[in-house]
Amino acid sequence: MIGTRPEAIKLVPVAHSLARAGAAVHLYFTGQHPGLEPAAHGLDAFPCTPLQQPGLPDPHEHVDRVANGLARIWKFRGPDMVMVQGDTSSALGGARAAVASGIPLAHVEAGLRSFDSRQPWPEEDFRIEIDRVSDLLFAPTSTSASNLISERCQGQVHITGNTGIDAGVADRGLPGKAPRHWPAGRFNILVTCHRRENWGVGFAAVSAALVELTRRPRIRIDVVLHPNPRVSEAMFEQLGHNASIRLLPPLSHAAMLEAMLRSDLILSDSGGVQEEAPTLGVPLLVLRDKTERPEGVEQGAMRLVGTDSRRIIASVDEIAGDRKLRANMSQQRFPFGDGQAAPRIAAAALQWLDREYRDRSEPRRA
Ligand SMILES: CC(=O)N[C@H]1[C@@H](OP(=O)(O)OP(=O)(O)OC[C@H]2O[C@@H](n3ccc(=O)[nH]c3=O)[C@H](O)[C@@H]2O)O[C@H](CO)[C@@H](O)[C@@H]1O
């Protein structure tokens with residue numbers, strides 16, 4: 001099940017590992033991010049059913065549409081297992097349809113918790129519901145596995161690492177493989193900001209901080225726009241007039257990783273970027289008050305700064321001005337996995353299916 005760009009990025013390695021292990025992989029593209037193409041992510045070798053359900057202002061309504069659409073398709077013939085990733089409305093819709101159709105469900109990136117239903121909203125609750133009904137739970141870290149165990153989730157838990165790290169990140173992050181091109185004297189900041197909790201007041205405060213930071217002569221700022229037009233229009237409105245800030249269109253994943261590697265510091269509210277930055281060894285200020293990915297903060301690779309302008313400016317000034325702190329935050333760390341999550345997931349899923357269908361003494365569907 002794939003609905004959004006990050007789900008595509010994180011499921012590419014899983015689809016290929018499953019296929020290598022002998023599974024027949026069928027993709028369902030919900031259409032949550034319209035324009036998301038299997039070929040753009042190297043997924044064109046797999047059969048794909050498009051649902052054509054673009055994301056809606058009310059994510060709960062989108063969940064229902066995806067769930068109903070899939071349940072209709074799977075009424076007569078469904079797969080042996082449904083695999084969903086993360087916490088999107090597509091993932092929850094897929095999970096509900098699998099349960100309604102009696103199909104085993106696997107959840108990739110299970111167990112992440114911010115312990116606050118309001119942030120990320122509605123993803124925290126979506127992920128909890130998916131975890132409760134999954135038969136197989138692929139937790140990226142021991143922290144996420146502990147969350148599942150303390151909530152007494154019924155599914156089988158495996159600690160695998162995050163598949164996002166398999167997706168070209170681990171290779172680039174390996175010592176000696178990360179080319180850093182810092183022009184002397186410059187301090188390059190890369191920014192992404194798209195979370196729903198930050199729409200409105202949050203965006204305005206982040207933009208005000210960026211404008212203030214351009215007054216420092218050393219600082220250069222690149223803002224990568226989100227594919228959601230509502231988000232990119234707000235950024236244009238607030239930053240388009242500032243000649244010292246470059247607004248870049250959404251980048252391919254490879255180009256995004258290169259842009260991260262060329263940066264001295266990243267400011268972002270993205271979930272995936274929180275996993276990638278420590279692996280690439282680039283310091284990160286997280287534009288959120290809470291995170292469901294505390295591992296990078298605990299290891300000193302990133303800091304939570306929220307969207308308060310003064311706090312953002314103070315943190316940037318501190319990191320830009322303190323070589324020792326910057327060197328420490330720039331150390332490569334691998335809190336989210338070693339780049340081998342997908343083969344672990346494929347092996348565990350196929351083993352689980354073999355056992356399940358042997359015990360059920362009924363043939364697998366494919
Ligand atoms: C609240 C939250 O965090 N939600 C999630 C959200 O995405 P998340 O917040 O990670 O979504 P983003 O849109 O920021 O996507 C991040 C990914 O896209 C890449 N990128 C970013 C910008 C760009 O121009 N080009 C590009 O390729 C990044 O390198 C990263 O790999 O969906 C994911 C998939 O279910 C989940 O794992 C996350 O938990």
Side-chain angles (χ1 to χ4, degrees), residues 6 10 86-87 109-121 123-124 127-128 139-148 150-151 159-165 169-170 173 178 189-198 202 205-206 209 256-257 260-261 263-339 341:
K10 290 177 169 184
D87 54 12
E109 201 182 75
L112 279 66
R113 299 286 184 268
S114 68
F115 302 102
D116 184 342
S117 290
R118 288 164 309 171
Q119 40 183 336
W121 182 90
E123 287 87 351
E124 175 80 358
R127 201 188 294 268
I128 290 172
T141 67
S142 54
T143 304
S144 41
S146 305
N147 293 337
L148 295 166
S150 46
E151 287 172 24
I159 301 174
T160 59
N162 197 304
T163 61
I165 304 303
V169 183
I189 300 178
L190 185 73
V191 184
T192 80
C193 188
H194 73 285
R195 289 293 317 150
R196 205 183 288 264
E197 304 84 71
N198 288 340
V206 171
M256 179 65 187
L257 295 177
M260 290 171 75
L261 279 168
S263 306
D264 298 297
L265 176 66
I266 301 170
L267 270 56
S268 178
D269 60 2
S270 158
V273 171
Q274 288 179 59
E275 293 149 0
E276 292 163 348
T279 312
L280 297 174
V282 187
L284 169 67
L285 295 178
V286 183
L287 304 170
R288 298 191 191 183
D289 298 321
K290 294 192 177 155
T291 181
E292 64 281 45
R293 296 169 168 86
E295 295 88 344
V297 179
E298 285 156 8
Q299 293 197 11
M302 60 203 206
R303 279 188 191 174
L304 285 181
V305 293
T307 53
D308 179 78
S309 305
R310 273 178 304 186
R311 195 159 168 216
I312 295 171
I313 295 165
S315 299
V316 172
D317 282 340
E318 188 189 349
I319 294 168
D322 184 338
R323 275 183 167 273
K324 212 167 146 195
L325 172 65
R326 202 170 130 200
N328 183 33
M329 289 183 82
S330 303
Q331 272 173 39
Q332 287 170 280
R333 297 166 170 94
F334 294 84
F336 299 105
D338 58 359

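Numbering of residues begins at 1 and proceeds along the displayed sequence.
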Please identify each residue that fulfils salt bridge (Lys or Arg N to Asp or Glu O under 4.0 Å) with E124, with sequence neighbours left out.
none
Verdict with reasoning, R118 to E197, per salt bridge (Lys or Arg N to Asp or Glu O under 4.0 Å):
CA-CA 8 Å; R118 288 164 309 171; E197 304 84 71; over 6 Å; no
For I266, run the side chain to side chain contact (heavy atoms under 4.5 Å, CB included) check against L280, V286, L285, V282 and tell me which one passes.
V282
Can you name the one residue among L257, L261, N162 that meets side chain to side chain contact (heavy atoms under 4.5 Å, CB included) with E276?
L257
L304 vs D289 side-chain heavy atoms within contact, under 4.5 Å:
no
Answer yes or no: is there an ion pair linking R288 with D269, defined by an N-O contact shorter than 4.0 Å?
no
Hey, what do you get for CG (D317) to CD1 (I312), rounding to the nearest 0.5 Å?
12.0 Å
Measure the spacing between CZ of F115 and CD1 of I128 and express it to the nearest 0.5 Å.
8.0 Å
Considering all heavy atoms, the nearest P140-I159 contact:
O-CG2, 4.0 Å
Taking C-beta and beyond as the side chain, do T163 and E109 meet within less than 4.5 Å on heavy atoms?
no
side-chain hydrogen bond (donor to acceptor under 3.5 Å, both in side chains): which pairs involve residues 301-315, sequence neighbours left out?
R303-E318
Mind running salt bridge (Lys or Arg N to Asp or Glu O under 4.0 Å) on R127 and D87 for me, showing each step along the way?
CA-CA 5 Å; R127 201 188 294 268; D87 54 12; 2.8 Å; yes
Ignoring hydrogens, what is the shortest heavy-atom contact between P120 and R195? Give both atom names and the distance.
CB-NH2, 3.5 Å
Where do T141 and P335 come nearest, in terms of heavy atoms and distance?
CG2-O, 3.4 Å
With no hydrogens and no angle check, do the side chains of T143 and S146 hold a donor and an acceptor under 3.5 Å apart?
no
Go through E123 and R196 one step at a time and tell me if the salt bridge (Lys or Arg N to Asp or Glu O under 4.0 Å) criterion holds.
CA-CA 10 Å; E123 287 87 351; R196 205 183 288 264; 5.3 Å; no
Any donor-acceptor N or O pair under 3.5 Å, side chains Q274, S268
no
Salt bridge check: are E295 and R333 linked by an N-O gap of less than 4.0 Å?
no
So, using side-chain hydrogen bond (donor to acceptor under 3.5 Å, both in side chains) as the criterion, who are the partners of S117 when residues are at least two apart?
D125
With salt bridge (Lys or Arg N to Asp or Glu O under 4.0 Å) as the test, would you mind laying out the steps for R293 and E298 before giving the verdict?
CA-CA 10 Å; R293 296 169 168 86; E298 285 156 8; over 6 Å; no
To the nearest 0.5 Å, how far apart are CZ in F334 and CD in E275?
14.0 Å
Of the non-hydrogen atoms in S144 and A110, which two are nearest, and what is the gap between them?
CB-O, 3.4 Å
Exercise: identify the closest heavy-atom pair between L265 and L284
CD1-N, 4.2 Å
Closest non-hydrogen atom pair between G296 and F336, with its separation
N-CZ, 3.8 Å
Value for CG (L267) from CE (M302), rounded to nearest 0.5 Å, stands at 13.0 Å
Just verifying a value: how many Å separate E292 CD and R113 CZ, rounded to the nearest 0.5 Å?
10.0 Å
Distance col, row L148:CG vs L112:CG, nearest 0.5 angstrom, shows 9.0 Å
